[in-house]
Novice: 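Can you read through this structure? Questions will come right after.
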Amino acid sequence: MLSSLPAATYQQWIGDESELARIHRHLSEGGGAPLFVTGIGGLGKTSFLREALVTWLEASPYKPDHLLWTTVVQPLVTLDSRLAAPRRRHTFDQLLADLGAQLGLQVNALPSNERKLQMLARALRGTSSIVVIDNVETPDEATMALSIVDALSSVAQVLVTTRYQILHSTGASIPVRELSEKHAHQLLRLEAARLQLGEVPEEVFANFYRLLGGHPHALKLAVAQLAHLPPDAALRGFQTHAASSQSLFHYIYETAWSLLSPAAQDVLLGLWVLPPQGAGWEDLRLAFQAGGGMMSDEELLSHVAELAALNLIQTTADHPITYSLHRLTYNYLSYKMGLREAATGDEADEQV
Ligand SMILES: Nc1ncnc2c1ncn2[C@@H]1O[C@H](COP(=O)(O)OP(=O)(O)OP(=O)(O)O)[C@@H](O)[C@H]1O
Ligand SMILES: [Mg+2]
């Protein structure tokens with residue numbers, strides 16, 4: 001059952017039991033009403049919902065017949081076609097095909113999305129099932145998610161994680177909260193230990209929290225930079241870019257980028273085609289090679305380690321390791337690739 005959940009991107013989920021209980025309560029007492037887990041990018045919606053489901057399923061005697069989890073951004077279906085085509089957002093029929101596949105159904109043969117939804121609803125009727133739609137970001141994606149919510153809510157418990165605020169007449173909403181100062185310190189300490197950064201004074205963590213707040217993704221990226229930067233320099237940078245969370249994030253990514261070797265930068269750009277739910281080493285290597293990258297396994301491994309040490313690539317704690325990029329990292333890479341393309345375009349223009 002738990003195998004349908006995405007691999008954890010956290011070593012340990014940090015937060016209070018009472019946070020998880022907000023979701024547990026809905027699962028036990030919500031009468032099957034849809035639930036929207038909301039918050040800005042990187043705040044921890046996917047992790048929160050994953051952890052809440054794991055703990056709830058472990059503790060509860062209830063076992064659903066089906067637990068379906070689909071992520072709005074998905075690779076194209078096969079590795080070959082995925083790599084041949086430019087990465088694109090998950091369309092509605094891909095989402096439905098993914099849900100169908102998890103039920104052993106070929107919904108793609110049907111002519112309309114409406115019919116596909118009806119087929120999914122028929123398969124779920126009479127079962128007790130949970131359907132998760134993860135990583136909704138844009139208004140278009142919210143509309144897609146709402147169609148699924150409307151079609152499946154009467155036959156399954158539908159859960160959605162979304163950056164975009166969704167209004168729904170019968171649904172409940174649980175906003176993800178920032179980590180408290182205590183929990184932010186705990187995350188920073190754990191990450192510093194995992195990345196073998198040595199002893200970091202508590203005062204540095206206090207300053208990180210003061211400037212970055214309890215945003216787990218920002219904290220993870222920022223603390224990893226202490227392997228390269230003295231704390232004072234890191235803090236000065238955050239301070240200078242604290243005007244908006246957008247400029248702060250951009251600065252944190254740009255700094256991480258600047259700390260990479262040119263070869264690791266190329267590897268990161270090459271991993272743009274990595275599926276959002278992650279890939280094992282073989283698929284990672286294939287993805288990199290299919291993008292035209294050429295290097296030995298040892299070299300690739302050492303550059304991937306460089307990326308992991310800066311938290312630019314997420315790795316699971318358990319073996320076999322799953323490698324994945326966070327959605328915000330994809331966004332940053334799109335920006336970087338846009339710059340590269342623009343630069344190449346300019347050169348081409350000049351040559352003409
Ligand atoms: N409570 C937590 N404890 C430990 N790590 C966390 C926690 N919440 C989030 N993280 C880590 O922070 C990063 C961002 O979390 P996550 O991907 O869940 O955010 P999100 O809100 O789903 O982002 P997006 O809007 O981009 O989908 C991940 O690396 C995750 O492992
Ligand atoms: Mg998410």
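Whatever order the structure lists them in is the order used to number ligands and atoms, beginning at 1.
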Novice: For ligand 1, which atoms have a heavy atom of Tyr10 less than 4.0 angstrom away?
Specialist: 4 (C), 5 (N), 31 (O)

Novice: Indicate yes or no: does an N/O atom of Leu43 lie under 3.5 Å from an N/O atom of ligand 1?
Specialist: yes

Novice: Measure His217 to ligand 1 on non-hydrogen atoms and call it side chain, backbone, both or neither using the 4.0 Å cut-off.
Specialist: both

Novice: Verify the ring-centre separation between Phe238 and Phe208: is it less than 6.0 angstrom?
Specialist: yes

Novice: Tell me which one of Thr70, Thr162, Thr161, Val160 satisfies side chain to side chain contact (heavy atoms under 4.5 Å, CB included) with Asn135.
Specialist: Thr161

Novice: Take atom CD of Glu202 as the centre, draw a 6.0 Å sphere, and report whether it contains more than 12 heavy atoms from other residues, nucleotides or ligands.
Specialist: yes

Novice: Taking only heavy atoms of Arg163, which atoms of ligand 1 are found under 4.0 Å from at least one of them?
Specialist: 24 (P), 25 (O), 26 (O)

Novice: At a 4.0 Å cut-off, with the gap strictly under it, does some heavy atom of Gly39 reach an atom of ligand 1?
Specialist: no

Novice: Purely on distance, is any nitrogen or oxygen of Leu328 under 3.5 Å from one on ligand 1?
Specialist: no

Novice: Looking at ligand 1, does any of its N/O atoms fall within less than 3.5 Å of an N/O of Gly44?
Specialist: yes

Novice: Under 4.5 Å between side-chain heavy atoms, counting indirect links through other Ile/Leu/Val/Met/Phe/Trp/Tyr residues: same cluster for Tyr62 and Val132 or not?
Specialist: yes

Novice: Can you tell which of Asp266, Val267, Leu312 makes a side chain to side chain contact (heavy atoms under 4.5 Å, CB included) with Leu260?
Specialist: Leu312

Novice: Below 4.0 Å, non-hydrogen atoms only: which portion of Gln12 touches ligand 1? Side chain, backbone, both or neither.
Specialist: backbone

Novice: Counting backbone and side-chain atoms alike, is an N, O or S atom of Thr71 positioned under 2.8 Å from the Mg ion (ligand 2)?
Specialist: no

Novice: Linking I/L/V/M/F/W/Y whenever their side-chain heavy atoms sit closer than 4.5 Å, directly or via other members, would Leu159 and Leu2 fall into one cluster?
Specialist: yes

Novice: So with a 6.0 Å cut-off around CD of Glu114, is the heavy-atom count from everything else above 12?
Specialist: no

Novice: Distance-only, no hydrogens or angles: does the Ser247 side chain make a donor-acceptor pair with backbone N or O of His241 under 3.5 Å?
Specialist: yes

Novice: Ignoring hydrogens and geometry, is there a side-chain-to-backbone donor-acceptor pair from Glu178 to Gly214 under 3.5 Å?
Specialist: yes

Novice: Testing Thr322, Leu301, Leu274 for side chain to side chain contact (heavy atoms under 4.5 Å, CB included) with Leu284, which one passes?
Specialist: Leu274

Novice: Using a strict 4.0 Å cut-off to heavy atoms of Ser47, name the atoms of ligand 1 that fall inside it.
Specialist: 8 (N), 9 (C), 10 (N), 15 (O), 16 (P), 18 (O), 30 (C), 31 (O)

Novice: I'd like to know whether CG of Leu167 has more than 12 heavy-atom contacts from other residues, nucleotides or ligands below 6.0 angstrom.
Specialist: no

Novice: Below 2.8 Å, any N, O or S contact between Thr46 and the Mg ion (ligand 2)?
Specialist: yes

Novice: If you measure from each non-hydrogen atom of Gln314 to ligand 1, which part falls under 4.0 Å: side chain, backbone, both or neither?
Specialist: side chain

Novice: Examine Tyr209 and Leu211 and state if one hydrophobic cluster contains both, with Ile, Leu, Val, Met, Phe, Trp and Tyr joined whenever side-chain heavy atoms are less than 4.5 Å apart.
Specialist: no

Novice: For atom 12 (O) of ligand 1, what's the nearest protein heavy atom and its distance?
Specialist: Pro216 CB, 3.5 Å

Novice: What residue and atom, counting heavy atoms only, is the protein's closest point to atom 31 (O) of ligand 1, and at what distance?
Specialist: Thr9 OG1, 2.7 Å

Novice: Cut-off 3.5 Å, side chains only: do Gln225 and His228 have a donor facing an acceptor?
Specialist: no

Novice: Check if Thr161 has a non-hydrogen atom at a distance under 4.0 Å from any atom of ligand 1.
Specialist: no

Novice: Please check whether Ile14 reaches ligand 1 - meaning an N/O of the residue sits under 3.5 Å from an N/O of the ligand, judged on distance alone.
Specialist: yes

Novice: Arg327 heavy atoms, cut-off 4.0 Å: which ligand 1 atoms fall inside?
Specialist: 26 (O)

Novice: Return the residue, atom name and 0.1 Å-rounded distance of the protein heavy atom closest to atom 23 (O) of ligand 1.
Specialist: Gly42 N, 2.9 Å

Novice: How close does the nearest protein non-hydrogen atom get to atom 27 (O) of ligand 1, and which residue and atom is it?
Specialist: Asn135 OD1, 2.8 Å

Novice: Look only at interatomic distance and state if Lys220 has a nitrogen or oxygen under 3.5 Å from any nitrogen or oxygen of ligand 1.
Specialist: yes

Novice: Of all the non-hydrogen atoms in the protein, which one sits nearest to atom 17 (O) of ligand 1, and at what distance?
Specialist: His326 NE2, 2.8 Å

Novice: Indicate, as side chain, backbone, both or neither, the part of Lys45 found under 4.0 angstrom from ligand 1 when only non-hydrogen atoms are considered.
Specialist: both

